[in-house]
Number of protein chains: 2
Amino acid sequence: MLSLHQLTCFLATYEHRSLTRAAEELGYAQPSVSEQVRTLEKHLGVPLFRRVGRGVVPTTAADTFRPHAEKVLAAADEAQSAVASIRSFETGTIRFGMFGVARLYGGAGLVADVLERYPGVRVELVGRHSMDVQENLRRGHLEAAMIAVAGLSSEGMAITPIARDELVYVSADPARLASPVTAKRIAEAPLVMAESTYRDTDSARIVLRRMLHEAGYNPGTRIEVEDVETAVELVGRGLADTITNKGAAVQLLPRLAPDAGWVSLRPRLYDTLAIVHRAGATLSPAARLMIELATQRIQAIIEPV
Amino acid sequence: MLSLHQLTCFLATYEHRSLTRAAEELGYAQPSVSEQVRTLEKHLGVPLFRRVGRGVVPTTAADTFRPHAEKVLAAADEAQSAVASIRSFETGTIRFGMFGVARLYGGAGLVADVLERYPGVRVELVGRHSMDVQENLRRGHLEAAMIAVAGLSSEGMAITPIARDELVYVSADPARLASPVTAKRIAEAPLVMAESTYRDTDSARIVLRRMLHEAGYNPGTRIEVEDVETAVELVGRGLADTITNKGAAVQLLPRLAPDAGWVSLRPRLYDTLAIVHRAGATLSPAARLMIELATQRIQAIIEPV
DNA sequence: TGCTCCTCTAGGGATTCCCTAGGGTTCCCG
DNA sequence: CGGGAACCCTAGGGAATCCCTAGAGGAGCA
């Protein structure tokens, strides 16, 4: 079996015209280098050096082999430094899971942070929804993620809450914003709710449904849409009210529904943002970096746990 | 220490998304491949696969590493096949020692033979004189050679005589060619001799000097030149006679001295052509090829031993 | 829940790696 | 020409690695 070690010994010997000096350079005893070269010659089926009294003389086969050997070692070095630069975030791809709404809080800024500090990296924020992200985590396609969780129970996953995000009632009708909104009023209101695909698993929806259920209500939703943006826009047109994360409301209202406002629920409800990864996994440097940056950014915007 | 084996295991695992299938492909047990990959990860300082329930999933580090790993293995393959093609004479350089006069017998034809049979090779015929060649052999710069030897004693060298080449008297004067030339007549003749630089070590000169000495003569030479061609040309102009190898005379007279002829000496003298290499050395395929071809060619022209 | 698939750990035999010790040859120098 | 230095080799053995089998344990699926 050809080995890089053999090539190293060969090249050192070729350059020094001597096994002894090659061994010195490499920090081995002379017979060790001799053995490596002999093995290489045997493997190639061609003598590479002529042993002549004092020192060794390369054969024409050695002349031919040398540039190839150098190329192999150069490629090997390059391969290693390519990975080393990943480790120090000079290059490579950092993939991190992030659910849809979180981008409103920090997505773009987070990417900007990483790109500024490590100009060579590629960044991927994957996942359209917390559930989606969790699936990717489970399958191993994702190392870690920041997601919204309703409960704190997800088997085999380590969940670290980092912030909580209040759910607020958004309306274009000032009368409805005069006081905190109760379950009764929610049940009676014409609502547009986002995340239609994930309506059953979305954490905000779960929290809200639980609250309504405890109060004895079990309402249907009037309008279902995918994007929070769409929901807020509909609110802005006075067609419905919605309930969404406070952070999303703060960001989206001025732009999409300038005449609308928001108010807390009674009792107040919260969505929990957490870092999630497989339990027992040791995280890569890239993942730890993303976790740290994302946490900072989120906690600067919304209330830390 | 990075090894090619690790890279092979890594790539197989990457492609199959499975250690078990990689091991099957490579013909190892699964834990062996697992160990190689683990060692590689440790060496690189980065996890390459996420072990996830059924199978493994490459990390982004693995994505980055893969093309580099492939490049290293490709370079290694290329290095091996480069040498393999030397072994089969598809390419590479064949270096062979050949003394000056021998080119008259077979030099160009020998090169032509090799080039015809092995179109890709480079051929080097090195050495200006037998003594020169022997020095290169001794220093190891040359593996084997065909040279002219006066005696058969050269320490540490294996000498295999393959042909003998008569020394003849060349003259433009028909009277001098009427009968074999004796030591007396040589001593009295106006001679031009070639190989001025090597006059003391040239085998033909040694043989001739010995013969004259035994007959009681110790003559000086009238003219000394380097090339046999020059000597023959001077003979053609009637300025002197010369003594040279019969093969050289036969080849050169028609062209350089059309009016001159040659005759044997009395007693006849012979130069011995032999294959020489370091005693105890195992010859490379290239050297064996050259020896075979050179021997054939020489023996087709002059008298085999 | 039980079966299958896949990975990991454990442990041990075979091989390789790499050392020290010493023998042989070549070359240089007195 | 003989001794020393330089350099190669072989021999032998301890340590590390390679690679195997056996079996534990987790994940996915019916």
Side-chain angles (χ1 to χ4, degrees), chain A residues 1-9 12-14 16-43 47-58 134-141 154-158 278-282, chain B residues 1-10 12-14 16-43 47-58 134-135 137-141 154-158 278-282:
Chain A
M1 179 71 92
L2 185 68
S3 81
L4 296 176
H5 190 199
Q6 290 166 2
L7 299 185
T8 309
C9 290
T13 306
Y14 187 97
H16 288 106
R17 302 289 198 264
S18 158
L19 291 164
T20 300
R21 279 193 291 284
E24 272 170 23
E25 180 191 305
L26 300 175
Y28 293 121
Q30 176 270 322
S32 305
V33 177
S34 175
E35 185 180 0
Q36 292 300 320
V37 172
R38 202 178 325 118
T39 309
L40 178 59
E41 288 177 322
K42 191 176 158 193
H43 176 75
L48 293 169
F49 297 97
R50 222 161 288 126
R51 276 69 169 177
V52 41
R54 184 158 297 203
V56 294
V57 179
Q134 258 182 312
E135 180 68 12
N136 274 323
L137 279 170
R138 205 175 48 80
R139 292 188 185 277
H141 296 137
S154 221
E155 303 181 16
M157 293 292 166
R278 298 174 74 87
T282 50
Chain B
M1 179 72 90
L2 184 67
S3 80
L4 296 175
H5 189 200
Q6 290 167 2
L7 299 185
T8 309
C9 291
F10 162 72
T13 306
Y14 187 97
H16 287 106
R17 301 293 199 262
S18 157
L19 290 165
T20 301
R21 278 191 292 283
E24 272 168 23
E25 179 191 308
L26 299 176
Y28 294 122
Q30 177 272 323
S32 305
V33 177
S34 174
E35 184 181 0
Q36 292 299 321
V37 172
R38 202 179 324 116
T39 309
L40 179 58
E41 288 177 322
K42 190 176 158 193
H43 176 76
L48 293 170
F49 297 97
R50 222 162 288 124
R51 276 67 170 176
V52 42
R54 185 160 298 203
V56 294
V57 178
Q134 257 181 311
E135 179 67 13
L137 279 168
R138 204 176 48 82
R139 292 187 186 278
H141 295 137
S154 220
E155 303 180 19
M157 293 293 164
R278 299 173 73 87
T282 50

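The sequence lines fix the lettering, A, B, ..., with proteins before strands; numbering per chain opens at 1.
- Listed for the B:His16 side chain is a donor-acceptor partner under 3.5 Å among the backbone atoms of B:Ala12.
- Residues A:Leu2 and A:Leu40 meet the side-chain proximity criterion, which asks for heavy atoms closer than 4.5 Å.
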Between the protein and nucleotides 25-30 of chain D, list every N/O to N/O distance that falls short of 3.5 Å.
none

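- Annotation: side chain of A:Glu24 is in contact with side chain of A:Thr20 (closest heavy-atom distance under 4.5 Å).
- Here A:Arg50 does not pair with A:Glu41 in a salt bridge; the nearest charged N to carboxylate O distance is not below 4.0 Å.
- Using a 4.0 Å cut-off on heavy atoms, the residues of residues 16-25 of chain A that approach DNA chain D are A:Ser18, A:Leu19, A:Thr20, A:Arg21, listed by number.
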- Item | Stepwise ring-ring contact (aromatic ring centres under 6.0 Å, His included) check, B:His5 with B:Phe10 | CA-CA 9 Å; B:His5 189 200; B:Phe10 162 72; over 10 Å; no

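- Not a single salt bridge (charged side-chain N to carboxylate O under 4.0 Å, His left out) links B:Arg17 to another residue, sequence neighbours left out.
- Taking every nucleotide of DNA chain C with any atom under 4.0 Å from a non-hydrogen atom of chain A, the first and last of them, 5' to 3', are C:dC17 to C:dC27.
- Contact annotation: A:Arg51 side-chain N/O to D:dC7 OP1/OP2 distance is not under 4.0 Å.
- Residues A:Gln6 and A:Val37 have side chains not in contact (no heavy-atom distance under 4.5 Å, counting atoms from C-beta outward).
- Residues forming a salt bridge (charged side-chain N to carboxylate O under 4.0 Å, His left out) with A:Glu35 (at least two apart in sequence, or on another chain): none.
- A donor-acceptor pair is defined here as one N or O able to donate and one able to accept, closer than 3.5 Å; such a pair exists between the side chain of A:Arg51 and the backbone of A:Phe49.
- Not one N or O on the side chain of B:Ser32 forms a donor-acceptor pair closer than 3.5 Å with the backbone of B:Tyr28.
- Heavy atoms only, all atoms of each residue included: B:Ala22 and B:Val33 are closest at CB-CG1, 4.3 Å.
- Panel note: side chain B:Thr13, backbone B:Cys9; a donor-acceptor pair is recorded below 3.5 Å.
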Please tabulate the protein-to-nucleotide N/O contacts below 3.5 Å involving nucleotides 14-18 of chain D, giving atom names and distances.
none

